[in-house]
Amino acid sequence: MLSAIAFSLLAGTAAAVTPASLQSPGFDTGIFPNTTYSGAIDPSAAAGAKFGQKSDPFYPSPWMTPGVMGWEDAYIKAKAFVSQLTLTEKINLTTGVGWEGEQCVGQVGSIPRLGFRSLCMQDSPVGVRDTDFNSVFSSGQTVAATFDRQLLYARGYAMGREHKGKGVTVQLGPVAGPIGRSPEGGRNWEGFSPDPYLTGVGIAETIKGIQDAGVIACAKHYIGNEQEHFRQVGEAEGYGWNISDAISSNLDDVTLHELYLWPFADAVRAGVGSIMCSYNQINNSYGCQNSKLLNNILKDELGFQGFVMSDWQAQHSGVSSALAGLDMTMPGDTVFNSGLSFWGTNLTLAVLNGTVPAWRVDDMAMRIMAAYFKVGLTLHEPPINFDSWTLDTYGPLHASIGANIQQVNWHVDVRGDHANLIREIGGKATVLLKNVNNTLPLSKPKFVAIIGEDAGPNLAGPNGCSDRGCDNGTLGMAWGSGTANFPYLITPDSALQAQAIADGTIYQSIFDNYATSSIQALVSQADVTAIVFVNADSGEGYINVDGNEGDRNNLTLWHSGDDLIKNVSSWCSNTIVVIHSTGPTLVTDWYDSENVTAILWAGVPGQESGNSITDVLYGKVNPAARTPFTWGPTRESYGTDLLYEPNNGNGPPQNDFLEGVFIDYRSFDKQNIKPIYEFGFGLSYTTFEYSNLVVTQVNAPKYTPTRGKTAAAPTFGSFSTNLKDYLFPSDSFPHIWQYIYPYLNSTDPNVASADPDYGEKPSQFLPPNATDGSPQPLLRAGGAPGGNPGLYDVLYTVTASIKNSGSLPGEEVPQLYLSLGGPDDPKVVLRGFDRLSIQPGQTVTFSADLQRRDLSNWDPVAQDWVVTSHTKTVYVGPSSRNLPLSQTLSN
Ligand SMILES: *[C@@H]1O[C@H](CO)[C@@H](O)[C@H](O)[C@H]1NC(C)=O
Ligand SMILES: *[C@@H]1O[C@H](CO)[C@@H](O)[C@H](O)[C@H]1NC(C)=O
Ligand SMILES: *[C@@H]1O[C@H](CO)[C@@H](O)[C@H](O)[C@H]1NC(C)=O
Ligand SMILES: *[C@@H]1O[C@H](CO)[C@@H](O)[C@H](O)[C@H]1NC(C)=O
Ligand SMILES: *[C@@H]1O[C@H](CO)[C@@H](O)[C@H](O)[C@H]1NC(C)=O
Ligand SMILES: *[C@@H]1O[C@H](CO)[C@@H](O)[C@H](O)[C@H]1NC(C)=O
Ligand SMILES: *[C@@H]1O[C@H](CO)[C@@H](O)[C@H](O)[C@H]1NC(C)=O
Ligand SMILES: *[C@@H]1O[C@H](CO)[C@@H](O)[C@H](O)[C@H]1NC(C)=O
Ligand SMILES: *[C@@H]1O[C@H](CO)[C@@H](O)[C@H](O)[C@H]1NC(C)=O
């Protein structure tokens with residue numbers, strides 16, 4: 001569980017301004033044994049990715065700007081509602097009722113006086129978690145491979161509809177953290193791609209879809225949440241490590257802006273209603289109380305108008321997190337089922353004793369309700385019709401105490417016709433990596449042999465392992481809280497068998513990867529097409545599968561998949577390989593074998609897995625997907641890796657992002673290492689030709705740094721300062737055990753807070769300006785959701801002609817890359833793409849806009865984006881290393 005320090009209101013507060021005597025161990029400058037580091041490959045990295053790096057303070061916490069585009073109506077409604085609320089009612093909106101206190105994975109308090117039911121927060125990024133009669137969609141990483149905006153949106157919308165149908169208020173996704181700094185990262189599959197542009201498009205389209213369906217999206221996990229190891233002290237202790245605090249992701253300002261923050265800017269610009277702060281520390285300050293990242297970057301610079309929610313138990317302080325920009329604590333208790341909270345009673349007290357200004361709590365309530373109204377939610381939403389803690393129809397209303405048995409599940413079928421969409425995405429996301437001499441598509445083959453556990457069922461059923469915490473049978477989903485229950489799982493075997501029988505094909509399968517002699521006997525027969533299914537799994541850190549504590553221990557295939565492929569291909573000259581995985585695997589040993597005639601990556605495709613792969617193998621879908629990450633020859637070739645052992649004694653492990661912006665293809669380009677399959681690569685059953693690049697400069701307005709000041713912090717309504725008015729309503733109030741309330745037990749605040757440190761004077765620990773509600777200067781890079789609106793002005797339009805030069809109708813994904821031209825810039829960065837349907841012989845026009853941000857670098861001195869004077873070059877082609885068209889930009 002959490003260490004003692006986690007209970008301190010002081011832990012991690014803007015360390016730079018905290019008097020030394022009050023700093024928690026681990027935040028003192030100089031206590032780190034090692035302040036030098038080696039191996040820096042980029043000057044920008046040296047600017048901040050240091051062992052023991054500090055995070056600058058930034059106060060006060062920016063209050064809402066109600067008039068910004070897209071939020072006007074929402075804030076009018078929020079004001080009308082919040083103005084009616086009492087202090088305890090506002091605090092109810094901000095504080096979860098405790099772990100398993102209600103039906104959803106997280107719920108805040110309700111407002112019975114106004115008939116307002118509590119907000120329901122529910123996982124997950126692939127479907128509604130912990131219920132029944134829901135769909136399971138492909139992972140974010142899988143749908144990213146479609147490079148198809150419409151499909152990204154459609155998936156978000158369909159998932160949103162399902163959450164809405166269950167009574168969910170906030171769907172806890174999509175994910176841009178992890179972005180995928182290292183391929184071993186356990187939760188990379190929940191996000192989209194290590195490329196920030198692709199992830200930015202993915203997260204924005206998904207958010208629009210979810211929110212158009214009437215549910216608040218939650219962009220997570222903000223930020224630098226790039227590995228499972230050491231993300232939480234309690235979890236690390238469970239694995240035998242003794243650390244005082246969670247891992248710190250240490251990164252510099254340029255890397256933050258140009259890589260990790262980029263997709264979150266797109267999320268904010270897309271109007272996302274909530275953002276989840278992460279477990280890890282960033283520059284040695286916890287994600288949910290990091291004033292630099294929450295106040296300065298997210299709320300001020302990016303102009304985020306929604307609310308910041310903590311990850312579950314990621315809050316480590318009361319006053320400090322409130323002033324650093326946190327708006328909602330989840331699930332509300334300090335540690336699960338402690339019955340105690342950093343907020344609830346404590347937040348009421350903190351307002352009454354003047355430590356947290358009333359405007360800050362008003363701002364929390366306004367942000368929560370504005371997000372609520374923005375997506376079209378009303379004050380009288382239908383009740384929640386499911387229960388996360390049981391699939392039984394009847395169960396305890398408050399699972400944490402087990403009492404009060406009543407109907408908790410109505411088993412509402414919310415799947416609609418989403419199966420078709422899931423099947424379509426699975427096919428359109430399957431990347432064809434190799435296809436020798438038109439091995440594929442298959443056409444009534446004489447004899448198909450399916451080899452591998454990954455083609456078949458989990459003998460314990462598709463949901464046989466809790467939160468999918470095993471790798472048995474075909475990999476349709478990875479593990480952790482980002483999962484949902486399968487309604488069914490079409491295995492590759494069942495779908496391929498149906499196709500084979502319809503075709504009159506001989507069809508036999510062997511699921512036992514170790515049945516070597518049977519496999520040899522089968523695939524050695526005449527005219528066999530062998531299809532080998534293999535996988536590599538990963539997930540969230542609280543589950544350990546085969547020694548993988550969330551993160552992958554290696555990049556090789558599981559269940560001896562590489563040996564299986566080598567064996568089969570040594571006996572069968574037509575061996576097709578299908579990989580299901582949560583990221584790249586090492587294919588080095590066998591990919592270029594002459595007997596391996598085709599290779600496909602199918603990601604983790606969700607419930608329609610078998611149908612999707614059958615569509616591709618038999619040519620009902622002509623593949624066009626592109627790999628959303630690089631396939632390197634060795635683990636080391638990536639140039640980044642995870643921290644698997646603490647490197648700071650018992651202090652917080654220090655994860656220095658020394659590589660700066662150079663992850664994935666940017667790293668391979670910089671190191672000049674040839675990948676096996678480069679980012680953006682993927683084949684088709686037809687062929688395409690690129691020609692006629694035209695770059696047109698657009699007459700855009702000049703960039704204007706934002707100037708001026710905000711209004712003063714608004715407050716809504718008044719409140720009594722008499723502690724008597726905040727006691728539990730009556731002696732007969734039905735006080736639920738372990739439940740978090742906004743009320744006091746005693747008019748003695750020391751007793752009510754139950755905090756031995758209660759009463760410390762704000763001046764003893766509050767950073768300067770933390771409670772200042774006077775007008776504040778605007779940031780030049782800010783001014784609207786997503787940052788300065790001028791960043792999104794179109795400066796150039798790029799077009800190219802794409803011809804289908806083959807004989808089959810197909811789809812092509814032209815990609816636009818840009819060289820920013822500076823000595824510290826990546827060779828090229830993705831800045832545009834589309835997915836186009838093209839008939840044989842037809843030529844279509846690819847068109848992409850270059851916005852000012854696309855052409856800019858972050859200037860850490862100016863604290864703004866600048867278009868440098870370095871020569872910039874536009875490239876267009878079918879992958880990051882196949883760029884036949886290029887043109888230099890004129891100024
Ligand atoms: C400092 O870091 C270097 C490089 O990582 C390492 O070799 C050395 O052992 C460290 N020194 C201490 C005192 O931890
Ligand atoms: C706060 O929420 C709890 C739980 O829903 C409810 O019992 C209580 O009455 C609410 N308090 C106020 C002041 O609305
Ligand atoms: C108030 O917060 C402190 C930690 O800051 C905690 O120890 C205490 O239990 C909390 N009180 C209540 C009533 O939840
Ligand atoms: C105000 O209340 C908060 C929350 O209980 C507490 O941490 C803080 O010590 C109190 N400060 C004063 C000056 O009473
Ligand atoms: C492809 O087919 C041609 C013609 O049948 C043959 O010469 C060539 O060796 C084949 N290539 C591979 C890699 O099998
Ligand atoms: C499923 O996988 C686990 C290991 O994760 C293994 O112990 C178990 O035997 C497997 N179950 C079946 C039915 O294969
Ligand atoms: C990589 O990890 C998987 C899953 O734990 C395991 O099956 C495999 O043996 C490991 N590979 C190597 C080379 O250790
Ligand atoms: C390819 O398969 C044939 C059997 O069809 C086998 O004789 C040959 O050794 C295999 N080649 C390789 C490189 O494994
Ligand atoms: C407040 O009183 C209730 C009811 O007696 C009790 O269950 C709860 O533990 C008390 N809370 C604190 C922080 O003392």
Side-chain angles (χ1 to χ4, degrees), residues 96-97 99-108 118-131 134-137 139-140 155-178 187 189-192 202-203 206-207 209-211 213-223 225 231-232 263-264 267 270 272-279 287-288 306-315 326-332 336 368 371-372 375 377 384 386-389 414 467-468 477-485 539-542:
V97 298
W99 178 242
E100 299 192 351
E102 292 285 345
Q103 293 141 280
C104 299
V105 75
Q107 275 181 245
V108 292
S118 115
L119 274 61
C120 160
M121 285 22 99
Q122 191 70 12
D123 296 310
S124 74
V126 299
V128 195
R129 185 184 180 204
D130 286 336
T131 185
N134 59 281
S135 305
V136 170
F137 294 79
S139 69
R155 173 177 167 277
Y157 184 75
M159 289 195 300
R161 289 282 298 226
E162 297 202 8
H163 283 82
K164 180 90 179 172
K166 293 280 182 184
V168 173
T169 321
V170 184
Q171 178 180 347
L172 300 172
V175 173
R187 297 181 81 177
W189 63 285
E190 293 187 44
F192 296 94
I203 201 166
T206 307
I207 288 164
I210 292 171
Q211 297 198 157
V215 172
I216 301 171
C218 181
K220 65 185 190 180
H221 309 82
Y222 185 78
I223 195 170
N225 183 58
R231 66 185 184 141
Q232 293 190 92
F264 283 102
V272 73
S274 66
I275 290 197
M276 186 188 290
C277 50
S278 56
Y279 286 124
C288 293
F307 62 98
V308 176
M309 175 200 305
S310 73
D311 203 339
W312 270 232
Q313 291 188 144
Q315 188 189 26
L326 184 70
D327 301 303
M328 180 187 283
T329 169
M330 276 293 135
F336 291 170
I368 291 165
Y372 186 91
V375 302
L377 288 158
I384 298 155
F386 74 103
D387 189 303
S388 297
W389 320 112
V414 293
D467 290 343
R468 312 299 85 78
M477 189 177 2
W479 78 76
S481 66
T483 53
N485 290 326
E540 191 172 350
Y542 67 94

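With sequence neighbours excluded, the residues forming a disulfide bond (SG atoms under 2.5 Å apart) with C277 are C288, listed by chain and number. For E100, the side-chain contact (heavy atoms from CB on, under 4.5 Å) partners are W389, A399, S400, not counting sequence neighbours. Annotation: side-chain contact (heavy atoms from CB on, under 4.5 Å) contacts of S481 (sequence neighbours excluded): D123, R129, R187, E540, Y542. Shown here are the side chain to side chain donor-acceptor pair (under 3.5 Å) partners of T206, two or more places apart in sequence or in another chain: there are none. With sequence neighbours excluded, the residues that form a side-chain contact (heavy atoms from CB on, under 4.5 Å) with K166 are V128, T131, D132, F133, V168, N385, F386, V414. Listed by chain and number, the residues in a side chain to side chain donor-acceptor pair (under 3.5 Å) with S274 amount to none (sequence neighbours excluded). Qualifying ring-ring contact (aromatic ring centres under 6.0 Å, His included) partners for Y279, counting only residues two or more places apart in sequence or in other chains: none. Taking the ring-ring contact (aromatic ring centres under 6.0 Å, His included) definition, one finds that Y222 meets it with F264, sequence neighbours left out. Remark: S124 engages no residue in a side chain to side chain donor-acceptor pair (under 3.5 Å) (not counting sequence neighbours). Listed by chain and residue number, S118 satisfy the side chain to side chain donor-acceptor pair (under 3.5 Å) test with Q107 (two or more places apart in sequence, or in another chain).
Of all the heavy atoms in I207 and A267, the pair that sits closest is CD1-CB, 3.4 Å. The shortest non-hydrogen separation linking G482 to W189 is O-CH2, 3.4 Å. Smallest separation of non-hydrogen atoms from A219 and V272: N-CG2, 3.9 Å. In terms of heavy-atom proximity, F307 sits nearest to D327 at CA-OD2, 3.4 Å.
By the 4.5 Å heavy-atom criterion applied to side chains, D467 and D130 are counted as neighbours. Side-chain contact between M309 and V170 is present, with at least one heavy-atom pair separated by less than 4.5 Å. Contact annotation: the side chain of M121 approaches that of W312 to within less than 4.5 Å [non-hydrogen atoms, C-beta and beyond]. Inter-residue side-chain proximity for N485 and R468 is flagged as met; some heavy-atom pair is nearer than 4.5 Å. Residues I216 and Q171 form no side-chain contact, since every pair of their non-hydrogen atoms from C-beta on lies 4.5 Å or further apart. Looking only at side-chain heavy atoms (C-beta outward), D311 and S278 stay at 4.5 Å or farther from each other. You'll find the side chain of Q122 stays beyond 4.5 Å of the side chain of I384, heavy atoms only.
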Determine, stepwise, if the pair V108 / M330 fulfils side chain to side chain contact (heavy atoms under 4.5 Å, CB included). CA-CA 8 Å; V108 292; M330 276 293 135; 3.5 Å; yes
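Rounded to the nearest 0.5 angstrom, I210 CD1 and H163 NE2 are separated by 7.5 Å.
A side-chain donor-acceptor contact under 3.5 Å links Q211 to the backbone of G273. Listed for the R155 side chain is no donor-acceptor partner under 3.5 Å among the backbone atoms of V126. Here the side chain of E102 pairs no donor or acceptor atom with the backbone of V97 at under 3.5 angstrom. Using a distance-only test at 3.5 Å, with no hydrogens or angles considered, a donor-acceptor pair links the side chain of S388 to the main chain of Q103.
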